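Beneath this line is the structure, given in structure tokens, with notes to follow.
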Number of protein chains: 2
Amino acid sequence: MAAISVRDVAARAGVSVGTVSNVLNRPDKVAPATVERVQEAISELGFVRNDAARQLRAGRSRSIGLVVLDVANPFFTDVARGAEARAAEDGLTVLLGNSDENLDREGAYLDLFEEQRVHGVLISPLGDVGDRLTRLRARGTPTVLVDRKTADHSFSSVAVDDVAGGHLAVEHLAAIGRTRIAFVGGPQSIRQVADRLEGARQAVREHPGVSLEVIDTEALSVLQGRFAGEQLRARDPADRPDAVFAANDLLAIGVLQALSMLGDVRVPADVALIGYDDIAFAAAAIVPLSSIRQPSTLIGHTAVDLLLREAAGGDDFEHEQIEFQPELIVRESTGG
Amino acid sequence: MAAISVRDVAARAGVSVGTVSNVLNRPDKVAPATVERVQEAISELGFVRNDAARQLRAGRSRSIGLVVLDVANPFFTDVARGAEARAAEDGLTVLLGNSDENLDREGAYLDLFEEQRVHGVLISPLGDVGDRLTRLRARGTPTVLVDRKTADHSFSSVAVDDVAGGHLAVEHLAAIGRTRIAFVGGPQSIRQVADRLEGARQAVREHPGVSLEVIDTEALSVLQGRFAGEQLRARDPADRPDAVFAANDLLAIGVLQALSMLGDVRVPADVALIGYDDIAFAAAAIVPLSSIRQPSTLIGHTAVDLLLREAAGGDDFEHEQIEFQPELIVRESTGG
DNA sequence: CCCGTTTTATGAAACGATTCATCCCTCACT
DNA sequence: AGTGAGGGATGAATCGTTTCATAAAACGGG
């Protein structure tokens, strides 16, 4: 309503606008008596700093943009929490954008963040690192890839070795004697999916007699998992795989629902099941879910670290690729 | 790097800055040929609008602040998705803040949003509607309470009748013959918790012979639920309640983990269990969870609706309280 | 061919906080 | 008393966009 500005505060306190600004930003440079008088004026008038003006002058905002594939996936909210915690240490805020595995939405958020002149962008990109990100960074917005590594070393990134994770999962399935394995996941354009499948293929190659079938899904959601599960359930038992490796836990939960709740296929007796991410709900699933654990909070934390380092370093900054190792968590769904 | 501004674009295209602005905001007011020339200059120079300057001029930002109690709770991410969808219809963005049931964090986000001059604030407040929110609104930021109603009608709000929900849950437990009921939840300062408990108490009063015990928790998380569940498991069976009503599904899942995974208490045979919110994972829990469903996405959607209406209406705006009714969902955890 | 409209373009002013060169005082020291 | 140093305070300039009053050009009807 009133739109109180520093000017009003200055008038009320009988000082100049410069002094008000100093009280706000470096109180130690102002005489104690003056500080108090200004503070008083501020609270009497109910003055609230206008962040837009601040940013305009500063040239950069005090936030970091984070674009994730799916906010409904607890893995990503965990990453976000890690990022938020680290950002808070430097007085920065995290803006969370949800691309929902949709290229247009991803682009919209990138545009938005760039217009906001964010400190930097953390992104779990949908497809390839396109022109988009390259241009974004070229124009001066530091960018760090999350949960994703690049072949070339043109971007900083924090990732987990998804190929190793996929290998771990299938290796485990083979170790418990399963031979007809199905990989449920998609779309393949998502690198995480492709890498996990690649790891699975490697493991299969190392075990003669073990076969791998790929069941494609449109997204990494519970619902899509349910569709895949129903398809499996409808098959003739002889024709059914004896193990399923789902590209993430949401899918795995969907498969589980279709198989053991809606159907009569027993997990793990008939079909062993393993997911990926080890979200909190995996342990509480109808059949506690084996999974591949990723250090989600740490990923977010580290990504912000890297971003700040990149922002501080000059143009000749050496991009850094950090890769964590995934961990196999065995529970009942694979006979644990 | 370069910091391209409208001025640069104007120079390049050989027009005035006003025209560039018009191309950006009302292209129909500019001759087609000119539009094209300006567009060209924009893409050649890689010009990106500076949102801070835009907002400064406009006086308001184009986003809405949303403060929730816990981002890790799927219920709130669903609310956020609903809000985001409705906001997008009006070209607005939703900024998600996570108070984590912490008063300081809640305050920090409110300050931040106010400094950002957001269009309005949606909040699921921690304790009472304090001075804080009253002042915020008095200073001109429309505010709508989410998942919470006020006794007086001083704020607009979108809520679900939590008393009715609590009643529904306990009524159901009584109907299936349980008599020694435990309410797991806390802190009581969270209105949702208090209301659900109140509803539970009402239902108990209507059923002679049914008793209610309250087990307090520090937060509404899976971990806190596990603590409560362990406490129950450690008890002598004769001394154990035969039903648990958890204040939300996260707690219920924690209780379930403690009872049936880590312990040997059978659900629902020994202890029936019902949660609240009906999050997606409830149906996939180790024992599919009965719950009280809330129309989460609709809540978010409606809250933004109300906010926009309040922002449009003048000072004499009539605050509106919308209340949805909860719905009982029966699954195996109560013998469904 | 003239006058009143309509279309198109102009550029200075404004938004509000921050910065920085500058000035004014005190005070200590010689 | 004079000088220099340094703490405090000042206020005009600045960031980049939008708005708006105004001007110029194009058009159409009589």
Side-chain angles (χ1 to χ4, degrees), chain A residues 1-39 41-42 45-62 91 111-112 114-118 139-141, chain B residues 1-39 41-42 45-62 91 111-112 114-119 139-140:
Chain A
M1 187 102 293
I4 311 289
S5 81
V6 275
R7 219 168 303 276
D8 302 307
V9 174
R12 173 77 161 226
V15 299
S16 74
V17 294
T19 300
V20 175
S21 178
N22 282 334
V23 168
L24 257 23
N25 302 301
R26 346 177 174 56
D28 46 308
K29 296 288 170 213
V30 181
T34 313
V35 171
E36 191 169 347
R37 204 142 36 89
V38 172
Q39 296 280 25
I42 287 179
L45 295 173
F47 165 77
V48 175
R49 255 223 218 56
N50 184 323
D51 199 50
R54 223 154 115 74
Q55 280 183 208
L56 173 57
R57 190 71 239 267
R60 292 263 96 164
S61 88
R62 293 184 335 292
D111 286 347
L112 181 68
E114 194 172 6
E115 289 188 1
Q116 312 236 47
R117 301 290 191 274
V118 294
R139 280 199 290 256
T141 303
Chain B
M1 191 98 295
I4 312 290
S5 79
V6 275
R7 218 168 305 275
D8 302 308
V9 174
R12 172 76 161 228
V15 297
S16 73
V17 292
T19 299
V20 175
S21 178
N22 282 335
V23 169
L24 256 24
N25 302 301
R26 348 176 173 55
D28 46 307
K29 296 288 169 212
V30 180
T34 313
V35 171
E36 190 169 348
R37 203 142 37 87
V38 171
Q39 299 278 27
I42 287 179
L45 295 173
F47 164 78
V48 175
R49 256 223 214 60
N50 183 324
D51 199 51
R54 220 154 117 74
Q55 281 184 206
L56 173 56
R57 187 73 237 269
R60 293 263 96 169
S61 88
R62 291 184 339 290
D111 286 347
L112 180 69
E114 196 173 4
E115 288 188 1
Q116 312 235 52
R117 299 290 190 274
V118 294
H119 240 72
R139 282 198 291 256

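So that the names make sense, note that chain A is the first sequence line, chain B the second, and so on, each numbered from 1. Basis for what follows: all heavy atoms, side chains included, without hydrogens, waters or symmetry-related copies. In this text the structure is predicted, and so the values were computed from the model without any measurement.
In this structure, B/Arg7 atom CZ and C/dG11 atom C1' are separated by 10 Å, rounded to whole Å. The nearest whole Å value for the distance from the CD atom in A/Gln55 to the P atom in D/dT14 is 22 Å. As a whole-Å value, the separation of B/Leu56 CG from C/dT18 P is 12 Å. Rounded to whole Å, atom C1' of C/dT19 lies 7 Å from atom CZ of A/Arg26. Rounded to whole Å, the distance from CZ on B/Arg62 to P on D/dT17 is 13 Å. The interatomic distance linking A/Asn22 (CG) with C/dG16 (P) rounds to 20 Å, in whole Å. Between the CD1 atom of A/Ile4 and the P atom of C/dG16 there is a distance of 10 Å, rounded to whole Å. The distance between atom CZ of A/Phe47 and atom C1' of C/dT18, rounded to the nearest whole Å, is 12 Å.
Considering only side-chain atoms of A/Leu24, the nucleotide from D/dT18, C/dT18, D/dT19 that sits closest is C/dT18. Closest approach to the B/Thr19 side chain among C/dG11, C/dT19, C/dA9 is made by C/dA9 (side chain taken as heavy atoms from C-beta onward). In the set C/dG16, C/dT18, D/dT18, C/dT18 carries the atom at the smallest distance from any side-chain atom of A/Arg49. Listed nucleotides D/dT10, D/dT17, C/dC15 differ in distance to B/Ala53; the shortest reach to its side chain belongs to D/dT17.
Using a 4.5 Å cut-off on side-chain heavy atoms (C-beta onward), A/Val20 and A/Arg12 make no contact. At least one side-chain heavy atom of B/Arg54 sits less than 4.5 Å from a side-chain heavy atom of B/Asn25. B/Val48 has its side chain within reach of A/Arg117: a pair of non-hydrogen atoms, C-beta onward, lies under 4.5 Å apart.
For B/Ser21, a side-chain nitrogen or oxygen approaches OP1 or OP2 of D/dT18 to under 4.0 Å. One finds no side-chain N or O of B/Thr34 lying less than 4.0 angstrom from the OP1 or OP2 phosphate oxygen of C/dT8. At C/dA9, none of the side-chain N or O atoms of B/Ser16 fall inside 4.0 Å of OP1 or OP2 (strictly under the cut-off). Distances shorter than 4.0 Å separate none of the side-chain N or O atoms of A/Arg54 from OP1 or OP2 on D/dC15. B/Arg117 has no side-chain polar atom (N or O) that falls below the 4.0 Å cut-off from OP1 or OP2 of C/dC15. Considering only side-chain N and O atoms, A/Asn50 lies nowhere under 4.0 angstrom from the phosphate OP1 or OP2 of C/dC15. Checking the phosphate oxygens (OP1, OP2) of C/dA14, no side-chain nitrogen or oxygen of B/Arg57 falls inside 4.0 Å.
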>> The test is side-chain contact (heavy atoms from CB on, under 4.5 Å); show your working for B/Gln55 and A/Gln55 and say whether it passes.
In response: CA-CA 10 Å; B/Gln55 281 184 206; A/Gln55 280 183 208; over 6 Å; no
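No contact: B/Val20 has no heavy atom under 4.0 Å from any strand. Here B/Val30 lies in heavy-atom contact (under 4.0 Å) with sugar-phosphate atoms only. If you check every strand for non-hydrogen atoms under 4.0 Å, B/Arg60 touches nothing. Across all strands, B/Asn25 comes closer than 4.0 Å only to sugar-phosphate atoms, never to a base (heavy-atom distances).
The 5' end of DNA chain D is approached more closely, in terms of each residue's nearest nucleotide, by A/Arg37 than by the other of B/Val17 and A/Arg37.
Exactly one residue among A/Leu45, A/Leu24, A/Val17 makes a side-chain contact (heavy atoms from CB on, under 4.5 Å) with A/Val9. That residue is A/Leu45.
Between A/Val35 and A/Pro27, the shortest heavy-atom contact is CG2-O, 3.8 Å.
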